[in-house]
Each structure stands twice: as C-alpha cells, then as structure tokens.
**Student:** 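Below are the structure tokens for one structure; questions will follow.
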Number of protein chains: 2
Amino acid sequence: MGTVSKGLSLLGYFSRYRSEIGLSEMTRLSGMNKATVYRLLTELAEQGFVEQIGTGREYRLGPVFPRLAALREAAVPTREVAQKVLSGLCERTGETAHMSIRQGTTLSVVSFSYSALHGTRVTMEDAEQIAFHSTSSGHAVLAFSPPTFVDEILSGPLEKKTEQTETNPEIIRERLQEAARTCIAESVSGHEMDVHSHACPVFDARQGCYGAVAVAAPVARMTPDLQNTIRTEVLRSSLELTRLLGGFVPDTFKSKASELLGEPA
Amino acid sequence: MGTVSKGLSLLGYFSRYRSEIGLSEMTRLSGMNKATVYRLLTELAEQGFVEQIGTGREYRLGPVFPRLAALREAAVPTREVAQKVLSGLCERTGETAHMSIRQGTTLSVVSFSYSALHGTRVTMEDAEQIAFHSTSSGHAVLAFSPPTFVDEILSGPLEKKTEQTETNPEIIRERLQEAARTCIAESVSGHEMDVHSHACPVFDARQGCYGAVAVAAPVARMTPDLQNTIRTEVLRSSLELTRLLGGFVPDTFKSKASELLGEPA
DNA sequence: GTGGATCGGTTCATTATTTAAACCAAAGGT
DNA sequence: ACCTTTGGTTTAAATAATGAACCGATCCAC
C-alpha cells in the first residue's frame, strides 16, 4: 500500500458518530506509528482535507469537501440522478429505496427515498455505512465483483448484526452465486430485524460493479405479489441507474435481465 | 513536500471547466514525472478519490466526495451557516455577497448570495477559484496571514486580470498593510472591470485567517453612503461568521473592529 | 501539591518507497 | 504508411517514510 493510500485511509475513520478524532486515537485506530500518523495528518491538514480544532486538539474533516463535492456533482450528477430514479422506484413499490456505492472495502449509502404510502417504513441515514456480508446491497455488489475482492471481504471479521445474520463464508458464497444467477440479491433480517430487502448491482464505465440499488420493506408486508413487483422494479432501476450514471452493463447480466423482464435486449 | 501532499495536489487541477483530465495532461499540469503521476492517480482511484472513465481514458473526481462532504457538513454546517449570514449581508447592502475559503495557495468561493434589489449585479460561480493578488477577498486573507505565506503568493506569477490589476508586489504589500490597519480590504476593478469590492477576513479555531467574506458592487453604484454601509456590514458579518463557524478573532483585530463599529468589545 | 498516566508533538538513524528516464504497445491524425 | 501522442510499465538511484525513544504540557487521583 502506498503512502497516499495510507494518508487517505485515515479519512475513513471519521464518521457521523466520530467526527473528531485525536492523534492518539487515530494512531490506535489505524495501527500505524504515531509519528507516521502525525505526518500524514499534517499533510492532510495543509491541503485542507482535515483541520484541527482548538489549540492542539482533535482533527476533523476539512473544508475542501464541499468544494470538491460540488465539482464532482457538476461533472457527474450522481445524487440528482439517483434521487430521481429512487423516488420513482419507491413510488412504484411503496417501500424505501436506496442506493449505495462501494468505497474501498466499505459500502455507503449515497441516496434514498421514502414512500408516503405506509405509516411504517424502513429508515436510513445519509452517508450511512453498511456491511457487505449482511445486506442485500452488499451481496449484490459482491456477486458481481472479482473473486479476490470477495475473498478479502469474507476473510475479514463478519459481524453478527442480528440473530439471523449469516456469518458462515461458505453459505454466503452460495448466496452470492444464487444472486449472480438471478441478478437479484435478497436479505431477510440479516442486517436489521424484520427488514426484507432486494438489491441489484450498478456498474461503472468499465463494467465493474461499484454499487447497488435496493428496496427495503418490513417483513410483515412482504407478499409474493409485492416481491414480484420489487424484483422487476429493482432490476429495471439497476439498468437505468447504470445507464444514466455513464456505466455499462456486462453482456451476461444484460441478457439475463432482459429474460427476467421479458423484454428484448 | 510529502507524497500525500503531491497526490492531493493533483485533485486541485480538476475544475468546473476541466472536469476530466488524462494522464499526460495531468503530468504536464503538475510538472511531475509521468510514472509518479500514474502511481498517485492509481492510489487515488483505489480510494475512490478519482475514477477513470471508459477503458484507459481520462480521470475525474471520484465518488467519495458526496459522502465526505455530507460528513463534513454534519460536523460543521459551514454552507448552511454561511448562506444565512450572506443572505442577510446582501439584503442589507443590496449587493452581491460571497464567502471564500483558502485551500493551500488558492482561494475558492464556497457560498454567495444575490440581492433582488437591482437589475444588474456582480455574478459568481459556485466553487469558483479566485486569485489572491487581484481581489479584495485575497487581500483580506493575506493581510492576516503569516509573512511566509504572503511571500509565497507574491513571489509567484501575478496575472494581470484587467487594465487596473496591480501586479507590483511592493504596492500590493502596502495595500495589505492598509487592509490590516482598517480591517477591510478593497479592490476596484482589480479582478473584473467595473467591480468594486470590500472584504474582511474570517478566522479559524486557532485564530488563523482561513477565508474572507466580501461584498461586490458595480463601480457605478458605489457612493460614499453605500461604502459606509458595506464597510460596517462586511466587518460585522466577518465577526459573525468567525463566531458561528467555531473560530476566534485575534484580540488586535477584535479591538480595532469594535472601534470601527463604535461598539464595546 | 506530587506522582503517574496520557496527551500532542519531535528527533534521527535505518529502511523501504518513490522517483526519473527509457521503453512498450496501441490509438489517432495526416 | 507514417509520425505523434496516448496510457501504461520497468529499472537502478535517490528520496522520503518509518519506528522507537524522547520531550514538555496537561490531567487526574491521591
């Protein structure tokens, strides 16, 4: 791993719950030497990627992000596009729709949409990080990612989020194969109790899978009818998002999808 | 300069007008070796800070930015706060108000607000980069920055943006001293013809100057009365922004400001 | 107060990474 | 069919990163 990667990896420790981190803590979290972490943070601070608060206090994310995010959004209106597709998706299914994108070895929610149809719904948080092994989105991504990446994820610790979370790598692999066959990944109470979700992959410009779109519904509302609707709509949204975000769907996926949707390729 | 800084500096070449840059071009822009740039871009890409489009094509800003910007905004609601203060400022002055933040050796606009009072107005662009030597905002920042930073900026090339742009470092230094004395920097047609702007510094948590708030008006509308209003209001907004964004105003500045505003410190 | 633990920050010889220049193969343009 | 430029790769040589030990300041229990 190069030095730049090390530096950037530090940014990954900031989250909604830990927005301010001190030098010692960062050292512990990263497992690197204190002098190393100090230098990295100093360089990041010089460029505005982190900033210090108070005198000799903790670090937090810096002021460059609003600017760079604005430029990114100007170049690739992901958020806007995703929001549009998701609101349609949740309207047609009546359930919560969300999209997440892979960043390194984590998956994070970039956009979501709630339906007004029901009083209860699955709720999400912006920029929420979700696990690969316990979610349908995670499975959708893994099912279409290189084996080396799958190995990397499955060889790491697999947290038992709920009673129903599957933590056996072999069984997870079987599920991934199933997802690859059907183009759709499913998870029932694997990430949160009483949530049944369906997800499909989203591909980038190089036909690599870099994210997923999903619909999450309370288990109690899931009927065969609703499931059919969700399957069709999620898959359709996955194709649409890939196209709108400038990506390309691999041929194998495209032909299976067309078959499932009963449409010409 | 460390490797991390070099890597991050590459991100600075992306702009609203150049959202996609190839390897060769990046090599030229940065002045670094091609292999170096290639490795840096590869590492940035691994972490999602840049991404490639098509097969073996150009690079653009990556997908991490929406996420990190959301986290930054959750920790420090800069944009929201700035927007609020600026809209008040432009309402009271009847002219365009904007705030910019220093990032390395560039200054970029993070937020602005137009007045509905007049049919003509000074217009801005989001995430616009502005020069230090030719703008009131730039002068406001330099006037309260360490001498080493001022030297760095003034020893670089000073572009003649308009007929009236002052490019003589010595005269610029005099203007900076003037700005430090009065707490307010001024620029008449230095950046764009027929624009008269006033700016004040904004300080961070360590009492360092990291940005500026400014009001820009057409030269034709500038009267002594308006100028008085602007001076008072910009200065007041500068203190307010510093406070709301968690910064501290140096004592020397605070006392001068109180005097100018005719208020108790 | 006093002693110990922890904090942010610094130093320096050792070590490992980064760099530069030359070299590919492929794609475009003339 | 040529010359140029593109993205990408290799190598020894140079440079930057590392880790352990070391500061002084702060904090906390006693």
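Below, chain A is the first sequence line, B the second, and so on; all start at residue 1. Every value quoted in this text rests on a predicted model; they were computed, and no experiment measured them.
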**Student:** Using only side-chain N and O atoms of A:T3, determine if any of them is under 4.0 Å from OP1 or OP2 of C:dT18.
**Tutor:**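 For C:dT18, OP1 or OP2 has a side-chain N or O of A:T3 closer than 4.0 Å.
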**Student:** Can you measure from OH (A:Y59) to CD (A:E20) and round to the nearest 0.5 angstrom?
**Tutor:**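 Interatomic distance, A:Y59 OH to A:E20 CD, rounded to 0.5 Å: 13.0 Å.
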**Student:** Between B:Q52 and D:dG8, does any side-chain N or O lie under 4.0 Å from OP1 or OP2?
**Tutor:**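 True: B:Q52 side-chain N/O within range (under 4.0 Å) of D:dG8 OP1/OP2.
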**Student:** So is A:R102 actually on top of A:F149's ring, under 6.0 Å and inside 45° of the axis?
**Tutor:**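 Satisfied, under 6.0 Å and within 45°.
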**Student:** Do NZ/NE/NH1/NH2 and the carboxylate oxygens of A:R79 and A:E73 come within less than 4.0 Å?
**Tutor:**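 A salt bridge is absent here (no side-chain N lies under 4.0 Å from a carboxylate O).
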**Student:** Please report the distance, rounded to the nearest Å, between CZ in A:R39 and C1' in C:dC12.
**Tutor:**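 For the pair A:R39 CZ and C:dC12 C1', the rounded distance is 14 Å.
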**Student:** With respect to the side chain of B:Y59, which nucleotide from C:dT18, D:dG8, D:dG19 is positioned closest?
**Tutor:**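 The listed nucleotide nearest to B:Y59's side chain is D:dG8.
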**Student:** Grab the CG-C1' distance between B:L41 and D:dG8 for me, whole Å please.
**Tutor:**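 Going from CG in B:L41 over to C1' in D:dG8 covers 12 Å.
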**Student:** Can you tell me how far C1' of D:dG7 sits from CE of B:M32, to the nearest Å?
**Tutor:**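 In whole Å, D:dG7 C1' and B:M32 CE are 17 Å from each other.
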**Student:** Quick check: on DNA chain D, is the nucleotide nearest B:A35 upstream (toward 5') of the one nearest B:R28, or the reverse? Name the residue that is more 5'.
**Tutor:**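 Nearer the 5' end of the strand: B:R28.
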**Student:** Whole Å only: how far is the CD atom of A:E58 from the C1' atom of C:dG8?
**Tutor:**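 About 11 Å, once rounded to whole Å.
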**Student:** Which whole-number value in Å describes the distance from A:L23 CG to D:dT26 C1'?
**Tutor:**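 Atom CG in A:L23 sits about 15 Å away from atom C1' in D:dT26.
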**Student:** For C:dC7, take OP1 and OP2 only and decide whether either is under 4.0 Å from a side-chain N or O of A:S24.
**Tutor:**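 For C:dC7, OP1/OP2 do have a side-chain N/O of A:S24 under 4.0 Å.
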**Student:** Between B:L40 (CG) and C:dA20 (C1'), how many Å, whole number?
**Tutor:**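 Atom CG in B:L40 sits about 13 Å away from atom C1' in C:dA20.
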**Student:** For A:K6 and D:dG19, give me the distance from atom NZ to atom C1', rounded to whole Å.
**Tutor:**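 Computing the A:K6:NZ to D:dG19:C1' distance gives 12 Å.
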**Student:** Do A:S5 and B:E43 have side-chain atoms, one donor and one acceptor, less than 3.5 Å apart?
**Tutor:**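 The criterion, which ignores hydrogens and geometry beyond distance, is satisfied for B:E43 and A:S5.
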**Student:** C:dG9 base to A:K34 side chain: any donor-acceptor pair below 3.5 Å?
**Tutor:**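 Result: at least one qualifying N/O pair found.
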**Student:** Can you measure A:E43 atom CD to C:dT17 atom C1' for me and round it to whole angstrom units?
**Tutor:**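 From A:E43 CD to C:dT17 C1': 14 Å.
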**Student:** Among D:dG8, D:dG19, C:dA21, which nucleotide has an atom closest to any side-chain atom of B:Y38?
**Tutor:**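 Side chain of B:Y38 sits closest to D:dG8.
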**Student:** Need to verify one output field. Residue with the more 5' nearest nucleotide on DNA chain C, A:N33 or A:G2?
**Tutor:**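 Its nearest nucleotide lies further toward 5', so the answer is A:N33.
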**Student:** Under 3.5 Å, is there a donor-acceptor pair linking the side chains of B:T106 and B:Q129?
**Tutor:**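 A pair is found: one side chain offers a donor N or O, the other an acceptor, under 3.5 Å apart.
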